[in-house]
Amino acid sequence: MYVCICHALNDKQVSKALDTGAHTPASIFRHHGCQVQCGKCVPLMREMANDHRNRQCGACATTCTPEPANADAYPYGVAAE
């Protein structure tokens with residue numbers, strides 16, 4: 001399933017970014033070397049990141065905040081973080 005139409009990112013690509021350390025929509029975009037365009041995918045990416053964190057971290061999901069992938073690659077606004 002496509003998650004981001006603007007960059008043709010599907011759910012498997014988003015999951016791969018989450019598996020490698022991304023934890024926000026902005027860090028998912030950084031992982032794939034792109035930036036937020038229209039922003040319609042951000043709520044779904046945020047939900048996928050929360051679900052991934054809950055599966056990986058369990059009880060510590062609310063306190064565990066790993067560094068985003070490629071954090072210094074692109075400047076992002078608050079909306080995608």
Side-chain angles (χ1 to χ4, degrees):
M1 164 182 83
Y2 280 99
V3 175
C4 176
I5 302 299
C6 297
H7 295 293
L9 295 177
N10 61 37
D11 56 334
K12 291 178 184 168
Q13 291 170 301
V14 171
S15 293
K16 184 176 180 180
L18 293 169
D19 288 340
T20 60
H23 70 284
T24 64
S27 59
I28 293 167
F29 284 113
R30 281 192 286 268
H31 175 83
H32 291 288
C34 54
Q35 296 184 22
V36 176
Q37 294 290 310
C38 75
K40 290 185 179 183
C41 60
V42 170
L44 178 56
M45 283 190 186
R46 191 171 290 131
E47 180 181 333
M48 290 176 73
N50 288 338
D51 290 345
H52 184 267
R53 189 172 29 247
N54 288 336
R55 281 192 311 275
Q56 296 296 321
C57 299
C60 75
T62 57
T63 59
C64 178
T65 55
E67 282 296 311
N70 305 325
D72 58 351
Y74 294 95
Y76 280 88
V78 174
E81 293 290 342

- Query: Once you round to the nearest 0.5 Å, how far does CE of M48 lie from CD1 of I28?
  - Reply: 7.0 Å
- Message: Membership question, hydrophobic clusters at under 4.5 Å side-chain separation (ILVMFWY): are M1 and V14 in the same one?
- Response: yes
- Query: What is the minimum heavy-atom distance between L9 and C34, and which atoms define it?
  - Reply: CD1-SG, 4.4 Å
- Which pair of heavy atoms, one from C6 and one from C38, lies closest together, and at what distance? SG-SG, 3.7 Å
- Message: Per the side chain to side chain donor-acceptor pair (under 3.5 Å) rule, what does the pair list look like for residues 7-19, sequence neighbours excluded?
- Response: D19-H52
- If you look at every heavy atom in V42 and P25, which pair is closest and at what distance? O-CG, 3.7 Å
- Considering only heavy atoms from C-beta outward, does the side chain of C41 approach that of F29 to under 4.5 Å? yes
